[in-house]
Structures are given as C-alpha cells and as structure tokens.
Peer 1: 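Mind looking over this structure? Questions follow.
Just so you know, these numbers use all the heavy atoms, side chains as well, and skip hydrogens, waters and symmetry mates.
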Amino acid sequence: MHLGGMSCFFVAWLSNFKILLLAFDKGPLSDPTLSLRQFLAIGCFPIKKTEPKNPPPESKTKQNPSPQITKKLDHKSVWNYALKGLLVAAFVQIYDYSERIHPKVILVIYCFHIYFMLELMLAAVAALARATLGLELEPQFNEPFLSTSLQDFWGKRWNLMVSRTLRPTVYDPTLSVSTRIVGRKWAPLPAVFATFVVSALMHELIFYYLGRKRPTWEITWFFVLHGVCLVVEIVMKKVLKGRWQLPPVISTPLTVVIVMGTGFWLFFPQLLRFKADARAFEEYAILGAFVKDVIGGAVKSRHFNGTAV
C-alpha cells in the first residue's frame, strides 16, 4: 500500500507531467545544467535542485536566515516529524479497539493518519535525496488544518507539489484560452475547474493502481464538487471585494468540516472498498516485527560479544 501508492503518485502522475512540460521546454527537467543522475532523480521524485549555499553578500542579510535560525528550524522539523511519527504509532494502537469506537471518529483519525504518513514518507525521500544528490524535496504541506477557505486549503496548504505541477500544465494554458473568451476577470473560473477535473482523473488512476478495481467515480465527484465550491468561493470574493468575510475562528473549522465531510462521503469509501486500511495494518505489523528482530539481533550480538570478551 505505502510503496505502491507513493510510487504511482510519483511516476504515473508527477513524472508524466514533468515530461509533458519538458516537451514545451518548461518545468524542472528543462534545466540544461542537470546531470543525467539529477535529471532521472528529479523526473522520478518530487525533488528540485538545491539553491546555492553561498549567495552574493548583498542578498545574504535580506533573504537567508542566520545559521542560528536555520539550526532552530532544523530542530523544529526533527521534533515535528518525531511527534507525527509517535501519533501514527498511537493511531495504529487505537485501531485495535476500533470496534468500540464510533466509525466517524475512526474516519477522522484516518484523515490525520494519511496526512502524517504523507509528510513522514516525503521527509524520508527528502533525506535520501539530500544525502545522495544534494537535492531538496519540494515542500508538500503547510499546516492544512489552519486553512481559512477552500482556496487557501487547495492552493496554499495541501499537496503543494501537485499544485505546482498542475498550474503550468493545466491552469495556465486554460487561463490563457479562457481569457480570450470570457475576459481576464472571469478567466480563472474555468481554469480552476479544469484543474480539479484533471486532478480527479489522476486520483482515479492512483486508486486503480492501489486497488486494481474498476472505478466507481466517487473520487472524481469529490474533486469536481470541490472545484465547483472553489469556483463559487472565487465568485463571491470578486463580488464582495473584501467588504465582508468570516473571521478565522469560524472559517477555519468550517473549512476543515467541509473537507472532512465530503471526504467521509466520497473519498474514504473508495479506500475501504479495496481494504486499504487492512492492507496498511498488515504492513505495519510486518515492519514492527522486522524492527523487533533487528533490535533483538543487535542486543544478542552485543551480549555475545561482551561474554566472549
């Protein structure tokens, strides 16, 4: 589940779109300074070239944080990932008592579980890319639970690498065409909707790879529904022109409820249809047994060596 889901996301979706951009001399693969190894790595994974570590003196104070601040940020990231790893481990233990917990509560836990697991797996890819190729993973999330609107959630906080991939491949070309037809003011509306339709189809492809079952199109309807809601939200913002808006204390929980509610209705049933949860739990059990065997073997070896000495 985990390796298959991430690999089809990277290769079947992101890599194909990067190659499509390369055909038009755009995107990260069009950089002529890339080595073959970097080209293949960037093509297969959501990574990018590292920025120069020694910028000109005039830009150093304005753009780059001091070493102390960078060190603090690194420590913050480590603690952040450690906490999320512990929470995922706690979720796995909670699932043992799922029969005593309300199904809706389990679905809420699934939401956070998927979010944390994506961050942890992408962090692992980032560490590997940094250590072997000197490349950095593109930021993936920006605290999506703090979103104040659907536009904020999908555009600035959730799955950012997908947003950066869909913008040049779908949004910008559609925006250019629709500008000639409906004008610059309303051109973003068909561009946004087209982006969600393409995202829906790519998610259907990923779900097919995960379950190998004929699609029932609930995933497509999930993204089409959010595309319609986002179009309505953009129209309301253009009409009101900032004269009235909900305070964050209301808009943030409302956004989270809308995303989770529609996910419970259309998204998660498709994961449960091919028993993604049960298959994931089996993988956790196998991984736990493997780690236990490795640690046990190391302890026995140490004890044996100590006795021999």
Side-chain angles (χ1 to χ4, degrees), residues 1 4-6 8-18 20 46 107-108 110-115 117-119 122 138 140-142 144-145 147-175 177-178 186-237 254-274 276:
M1 274 298 299
M6 297 301 288
C8 72
F9 170 51
F10 291 165
V11 178
W13 185 350
L14 297 184
S15 293
N16 280 324
F17 278 55
K18 289 177 182 178
L20 178 64
L107 288 178
V108 171
Y110 281 169
C111 290
F112 286 99
H113 189 161
I114 291 174
Y115 164 43
M117 280 304 303
L118 283 173
E119 275 213 308
L122 291 169
E138 296 178 354
Q140 172 69 351
F141 298 99
N142 180 24
F145 48 85
S147 303
T148 57
S149 66
L150 289 177
Q151 189 175 17
D152 184 34
F153 178 85
W154 291 112
K156 298 179 181 179
R157 295 185 179 273
W158 181 263
N159 221 342
L160 299 179
M161 73 173 72
V162 168
S163 299
R164 282 188 291 271
T165 302
L166 289 173
R167 176 172 287 276
T169 53
V170 181
Y171 181 86
D172 289 343
T174 308
L175 181 69
V177 173
S178 57
W186 301 109
L189 303 184
V192 166
F193 187 74
T195 302
F196 272 85
V197 170
V198 172
S199 179
L201 296 176
M202 298 311 299
H203 276 86
E204 288 283 6
L205 178 63
I206 291 174
F207 272 59
Y208 174 76
Y209 277 123
L210 288 175
R212 292 296 195 267
K213 291 183 179 292
R214 184 185 297 272
T216 55
W217 305 109
E218 276 89 347
I219 297 298
T220 296
W221 284 115
F222 172 82
F223 285 97
V224 168
L225 175 61
H226 276 267
V228 171
C229 291
L230 198 54
V231 166
V232 172
E233 181 181 306
I234 294 172
V235 169
M236 294 297 294
K237 288 180 178 179
L254 181 61
T255 302
V256 173
V257 167
I258 291 174
V259 173
M260 284 189 172
T262 53
F264 296 167
W265 173 31
L266 296 170
F267 194 90
F268 284 104
Q270 297 309 300
L271 284 174
L272 301 178
R273 185 166 69 101
F274 50 81

Peer 1: Quick check: closest heavy atoms across G211 and F274, and the distance to 0.1 Å?
Peer 2: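 Smallest interatomic distance, heavy atoms only, reads CA-CG, 3.5 Å.
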Peer 1: Using 0.5 Å steps for rounding, measure from the CZ atom of F9 to the CG atom of L205.
Peer 2: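 Rounded to the nearest 0.5 Å, the CZ-CG separation comes to 12.0 Å.
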Peer 1: If you count the non-hydrogen atoms of other residues, nucleotides and ligands that lie under 6.0 Å from CH2 in W186, is the total more than 12?
Peer 2: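 More than 12 within 6.0 Å, yes.
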Peer 1: Do the non-hydrogen side-chain atoms of T255 and T148 ever get within less than 4.5 Å of each other?
Peer 2: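 T255 vs T148: side chains apart.
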Peer 1: Considering all heavy atoms of both residues, which atom of R157 and which atom of P144 are nearest to each other, and what is their separation?
Peer 2: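 Here R157 and P144 meet closest at CB-CA, 3.8 Å.
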Peer 1: Mind checking the CG-NE2 spacing from L210 to H203? Nearest 0.5 Å is all I need.
Peer 2: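 NE2 of H203 is found 10.5 Å from CG of L210.
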Peer 1: To the nearest 0.5 Å, what is the distance between CD1 on I219 and CD1 on I206?
Peer 2: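 Rounded to the nearest 0.5 Å, the CD1-CD1 separation comes to 10.0 Å.
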Peer 1: Check the surroundings of atom OH in Y209: do more than 12 heavy atoms from other residues, nucleotides or ligands lie under 6.0 Å from it?
Peer 2: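 No, not enclosed.
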Peer 1: Given side chains that start at C-beta, do those of V259 and H226 come closer than 4.5 Å, heavy atoms only?
Peer 2: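 Heavy-atom side-chain distance check passes, below 4.5 Å.
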Peer 1: Has the side chain of E233 got a donor or acceptor atom that lies under 3.5 Å from a matching backbone atom of S149?
Peer 2: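 No; judged by distance alone, with no hydrogens or angles, the pair does not exist.
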Peer 1: Shortest non-hydrogen contact from P190 to S178?
Peer 2: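 Heavy-atom minimum between the residues: CG-CB, 3.5 Å.
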Peer 1: If I compare all heavy atoms of L175 with all of P188, which pair ends up nearest, and what's the gap?
Peer 2: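 Residues L175 and P188, closest heavy atoms: CD1-N, 3.6 Å.
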Peer 1: Kindly assign one of parallel, tilted or perpendicular to the pair F268 and F264, based on the angle between their ring planes and the thresholds 30° and 60°.
Peer 2: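 The arrangement is tilted - the two ring planes meet at 30° to 60°.
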Peer 1: Mind checking the CG-NE2 spacing from L118 to H113? Nearest 0.5 Å is all I need.
Peer 2: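 These two atoms lie 9.5 Å from each other.
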Peer 1: How many angstroms lie between CG in N16 and OG1 in T165, if you round to the nearest 0.5 Å?
Peer 2: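 Answer rounded to 0.5 Å: 11.5 Å.
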Peer 1: Using the side chain to side chain contact (heavy atoms under 4.5 Å, CB included) definition, which of the options V192, V235, L225 pairs with L230?
Peer 2: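 Running side chain to side chain contact (heavy atoms under 4.5 Å, CB included) over V192, V235, L225 with L230 returns exactly one hit, V192.
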Peer 1: Looking at V198 and L166, what are the two nearest heavy atoms and their distance?
Peer 2: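 That would be CG1-CD2, 4.1 Å.
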Peer 1: Hey, is CZ on F112 packed in by over 12 heavy atoms from elsewhere, all under 6.0 Å?
Peer 2: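 No, CZ of F112 has 12 or fewer neighbouring heavy atoms, counting only those of other groups under 6.0 Å.
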Peer 1: For E204, enumerate each residue passing the salt bridge (Lys or Arg N to Asp or Glu O under 4.0 Å) test, keeping only those at least two apart in sequence or located in another chain.
Peer 2: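 Expected list: none.
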Peer 1: Quick one: closest heavy-atom pair of P168 and P173, and the distance?
Peer 2: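 For P168 and P173, the tightest heavy-atom pair comes out as O-CD, 3.5 Å.
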Peer 1: Would you mind telling me which of W13, W154, F222 makes a side chain to side chain contact (heavy atoms under 4.5 Å, CB included) with S199?
Peer 2: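 Testing each of W13, W154, F222 against S199, the sole residue satisfying side chain to side chain contact (heavy atoms under 4.5 Å, CB included) is W13.
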Peer 1: Donor-acceptor pair, S15 side chain versus A12 backbone, under 3.5 Å?
Peer 2: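 Here the side-chain-to-backbone pair does not exist.
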Peer 1: Between T195 and T174, is a side chain to side chain contact (heavy atoms under 4.5 Å, CB included) present by the stated rule, with each step listed?
Peer 2: CA-CA 9 Å; T195 302; T174 308; 6.0 Å; no
Peer 1: Once the angle between the rings of F196 and F223 is folded into 0 to 90°, is it parallel (under 30°), tilted (30 to 60°) or perpendicular (over 60°)?
Peer 2: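 F196 and F223: tilted rings.
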Peer 1: Mind telling me whether F141 and Y115 have parallel, tilted or perpendicular rings, with 30° and 60° as the class edges?
Peer 2: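 Ring orientation of Y115 relative to F141: perpendicular.
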Peer 1: Answer yes if the side chains of T216 and E218 hold a donor-acceptor pair under 3.5 Å, and no otherwise.
Peer 2: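 Checked: T216/E218 side chains pair up, N/O donor to acceptor below 3.5 Å.
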Peer 1: Can you measure from OH (Y110) to CE (M260) and round to the nearest 0.5 angstrom?
Peer 2: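 Output value for this atom pair is 14.0 Å.
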